[in-house]
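Scroll down for the structure; my scribbles are underneath it.
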Amino acid sequence: MKEDKVDVVMWTKHGESFLPTVLKQIDKVIPSENLSNKIMVDDKSTDETVKIGKSYNWKVYMNPKGGISSGANE
């Protein structure tokens, strides 16, 4: 029986202080064989959020308009 894979999408802004902990936990609880894409939509962070996301192999997209609702649409 084929198992479905999931995409994980996260909106971020200035998350460098807690992001590594969150990303490590996601890697622990979602087996890689069940994961299709890890997508981060960043809301113009000026800290190391984008760099951290990429270092954990997340696809990072910038939210050009800003805000959570715009990030969800992006």
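Values reported hereafter were calculated over all heavy atoms of this structure, with side chains retained and with hydrogens, waters and symmetry mates removed.
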Sort and list the pairs that fulfil salt bridge (Lys or Arg N to Asp or Glu O under 4.0 Å) and have at least one residue in residues 18-46, not counting sequence neighbours. Asp27-Lys38

Walk me through it: do Trp11 and Asn63 pass the test side-chain contact (heavy atoms from CB on, under 4.5 Å)? CA-CA 9 Å; Trp11 175 83; Asn63 180 11; 4.0 Å; yes

Which atoms form the tightest heavy-atom contact between His14 and Phe18, and what is the distance? O-CE2, 4.4 Å

From CD1 (Ile26) to CH2 (Trp58), nearest 0.5 Å: 4.0 Å

Please confirm whether the backbone N or O of Asp7 pairs with a side-chain atom of Asn37, one donor and one acceptor, at under 3.5 Å? no

Between atom CG of Leu35 and atom NZ of Lys5, what is the distance when rounded to the nearest 0.5 Å? 8.0 Å

Could you tabulate the donor-acceptor pairs under 3.5 Å formed by side-chain atoms of residues 47-54, not counting sequence neighbours?
from: Asp47; atom 1: OD1; to: Thr49; atom 2: N; distance (Å): 3.1
from: Asp47; atom 1: OD1; to: Thr49; atom 2: OG1; distance (Å): 2.6
from: Asp47; atom 1: OD2; to: Gly15; atom 2: N; distance (Å): 3.3
from: Asp47; atom 1: OD2; to: Glu16; atom 2: N; distance (Å): 3.2
from: Asp47; atom 1: OD2; to: Thr49; atom 2: OG1; distance (Å): 3.4
from: Thr49; atom 1: OG1; to: Gly15; atom 2: N; distance (Å): 2.7
from: Thr49; atom 1: OG1; to: Glu16; atom 2: N; distance (Å): 3.3

